A.B. asks: 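This is the structure I want to talk about, given as structure tokens.
Just so it is clear, the structure is predicted and the values come from calculations on it, not from any experiment. If you read the sequence from its start, that first residue is 1, and numbering goes on from there.
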Amino acid sequence: MTGGAALGLSGVTAAAAAGKPRSRAGRTLVGAIRWDAYAGGQTMHGMGTNRILSPEKFHFRMPFFSKITVPAPVLLDQGFDTETTGAAPSGWTVSAGTGTSVAVVQVPDRQGKSVRLRDTSATGTATMARAFAAQSRAITVRWDWKETTAGGWSRALVTGGSTTVVDIATQRDATGRQLAYRTPSGTWQVLQAITDDTWYSIKVTIDPAPPQGATPWVDIFVDGVRKAHHVPLLGSPVSFDKLHFQTNPTQTSDLYIDNVNVVVTESVNCEGTSQEVMDQEIRYAAAAGIDYWAFDYYPQQPLARARELYLSSKLKNQINWCAILDGNFMAQYDANLTELVARFGESNYQKVLDGRPLVYFLNNATADKLAKMRSKATSAGLPDPYIVVMGWTAQGVADLKAAVGADAVSRYATGQTNGAPYSSLTGLETSLWSDYAAAAGQVIPTVSTGWDPRPMYEYPVPWGVQPSEDYLGLKDQWTQQATPTEIADHLGDAIGWTNSHSANVPANAVLIYAWNEHLEGGWLCPTLYEMQNSGRPLRLDAIAGVPRTA
């Protein structure tokens with residue numbers, strides 16, 4: 001389907017539909033931060049985004065152009081609580097040698113039931129194996145386990161046919177007892193120390209065909225902490241199809257297994273880099289009364305693609321844009337600055353205060369960089385840019401503003417933790433508007449639509465991540481989802497505050513976090529489920545009704 005009606009855009013004004021600039025005199029400018037790593041396809045960022053949003057519990061936040069590519073991604077999910085005590089676990093092939101057994105049991109230190117691989121023999125082995133639908137794409141395997149006597153060389157293996165892909169074991173040596181994985185050379189690499197009768201939660205992500213020709217890899221997590229980063233697979237099967245657990249034939253130690261889960265790691269595609277998708281996004285934003293997108297400015301491909309599609313769109317005059325500069329831009333600042341300053345003079349680059357180009361610095365702002373920007377603009381016959389530096393504390397960003405010679409301050413986003421209500425976020429952010437103004441003078445208030453980066457705890461982002469980065473803290477860094485009305489009310493409060501603090505907001509602008517920070521939990525861009533279930537962009541509908549004047 002095409003056209004405004006198909007996109008839920010019956011409220012688009014005639015001027016917007018015709019691509020004519022709207023009058024902004026006397027009204028507060030409403031901008032929205034735009035993160036553009038939705039490259040999709042076989043790219044690092046596309047793969048990361050798709051896999052981060054693949055768990056079904058995160059599907060509600062996927063942008064409207066997403067597709068569910070694997071309708072049933074869960075290949076195995078078994079907790080054993082409903083199974084018969086004393087019986088073998090259903091669906092598993094078990095083998096019990098002399099002095100061993102495999103049975104569902106009630107464990108005193110854990111709610112519900114688990115499987116015990118009992119091993120009292122120095123010659124027998126207990127094993128349990130479960131086949132799942134063969135997969136040639138990336139999978140994630142999870143399980144909980146413990147040994148009564150740690151380091152008994154119990155093992156977990158993922159295989160494809162007769163080929164072992166991942167081999168994880170407990171071991172003991174002169175230095176202690178450890179969890180380890182086997183390398184292709186046959187040596188064992190320690191993941192961490194372990195103790196007797198202690199449960200550990202293991203997660204293994206296996207990618208047999210990473211994007212951009214990367215070498216197949218395995219990541220191993222223990223209790224949410226990444227312990228092995230992109231280590232090689234042990235073999236190269238056509239597909240994966242079985243999970244094995246076993247005790248050691250020469251040592252005695254009971255092994256307990258629980259909460260076994262195997263899922264397809266990339267079951268959605270958030271490919272958004274087409275002219276058609278960009279044109280739809282422009283229509284949505286224009287209909288909601290968003291004046292400008294503040295692009296996180298990526299000079300490099302493929303992340304520059306979305307900005308290029310915006311600039312090549314026939315509809316680009318329906319919404320302006322400006323730049324947010326970070327380390328990506330700073331890597332080749334002088335060359336990138338030449339391109340950016342050339343855009344300052346274009347009609348769809350956002351201006352404030354009688355024609356001053358609006359620019360945000362997220363980080364890496366220095367007096368020299370700002371001076372170069374002002375000098376280049378002046379040399380090109382353009383007005384002095386209105387430069388806004390962003391920071392996380394009022395006094396910190398006020399000091400930065402003074403040190404580098406910026407015009408104003410702002411903030412990228414605000415969040416609360418441990419599932420706090422959205423009202424807690426808005427209460428904090430409202431107070432920050434005044435704090436920033438008191439410390440720095442001029443400010444552009446931020447309006448956060450939410451904060452919930454837990455998808456990146458489930459699958460840490462693959463770009464620029466250090467092997468030691470565990471993302472453990474993200475599981476608590478979240479705020480409850482806002483309703484469309486709550487977001488609209490918060491925007492209305494920001495516009496009201498802006499109008500009552502005109503001396504502090506001479507640019508008469510606010511900045512929404514965000515248009516499309518779907519991974520971090522702040523977005524206005526319509527979602528797939530929103531459009532399928534309601535047929536309307538509910539958040540955008542809500543903010544469209546917020547008056548932009550005092």
A.B. asks: Say whether, by atom type as modelled, one donor and one acceptor occur between the side chain of Gln275 and the main chain of Leu309 under 3.5 angstrom.
C.D. replies: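 Yes, Gln275 side chain to Leu309 backbone: donor-acceptor pair under 3.5 Å.
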A.B. asks: As a test of understanding, state which of Asp258, Asp144, Asn259 forms a side-chain hydrogen bond (donor to acceptor under 3.5 Å, both in side chains) with Ser201.
C.D. replies: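 Result: among Asp258, Asp144, Asn259, Asp144 is the only option passing the side-chain hydrogen bond (donor to acceptor under 3.5 Å, both in side chains) with Ser201.
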A.B. asks: Could you work out, with ring-ring contact (aromatic ring centres under 6.0 Å, His included) as the rule, every residue matching Tyr333, not counting sequence neighbours?
C.D. replies: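 Result, ring-ring contact (aromatic ring centres under 6.0 Å, His included) vs Tyr333: Phe329.
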A.B. asks: Could you verify whether a donor N or O on one side chain and an acceptor N or O on the other, from Thr273 and Glu271, lie under 3.5 Å apart?
C.D. replies: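 There is such a pair between these side chains.
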A.B. asks: In plain terms, say whether Arg155 and Asp167 are close enough for a salt bridge, that is, a side-chain N and a carboxylate O under 4.0 Å apart.
C.D. replies: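 Yes.
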A.B. asks: Compute the centroid of each ring, for Trp515 and then for Trp293, and state whether the two points are separated by less than 6.0 Å.
C.D. replies: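 They qualify: ring centres under 6.0 Å apart.
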A.B. asks: Ring centroid separation for Phe245 and Trp143, is it under 6.0 angstrom?
C.D. replies: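 Between Trp143 and Phe245, which both carry aromatic rings, the centre distance is below 6.0 Å.
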A.B. asks: Is the distance between the ring centroids of Phe240 and Phe132 under 6.0 Å?
C.D. replies: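 For Phe240 and Phe132, the ring centres are not under 6.0 Å apart.
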A.B. asks: Going through the checks in order, is the ring-ring contact (aromatic ring centres under 6.0 Å, His included) test met by Tyr38 and His45?
C.D. replies: CA-CA 7 Å; Tyr38 283 85; His45 292 83; over 10 Å; no
A.B. asks: Which residues pass the ring-ring contact (aromatic ring centres under 6.0 Å, His included) test with Trp153, not counting sequence neighbours?
C.D. replies: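 Trp153 satisfies ring-ring contact (aromatic ring centres under 6.0 Å, His included) with Trp188 once adjacent residues are dropped.
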A.B. asks: Can Arg226 and Asp219 be counted as an ion pair, charged N to O under 4.0 angstrom?
C.D. replies: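 Counted as a salt bridge, because a side-chain N and a carboxylate O are separated by less than 4.0 Å.
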A.B. asks: Can you sort out the partners of Asp197 under salt bridge (Lys or Arg N to Asp or Glu O under 4.0 Å), two or more places apart, ordered by chain and number?
C.D. replies: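 Asp197: salt bridge (Lys or Arg N to Asp or Glu O under 4.0 Å) contacts with Lys146.
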A.B. asks: For Lys242, does the NZ atom sit with more than 12 other heavy atoms under 6.0 Å from it, leaving out its own atoms?
C.D. replies: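 No, NZ of Lys242 has 12 or fewer neighbouring heavy atoms, counting only those of other groups under 6.0 Å.
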A.B. asks: Any salt bridge linking Glu517 with Arg61? Criterion: basic side-chain nitrogen under 4.0 Å from a carboxylate oxygen.
C.D. replies: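 No.
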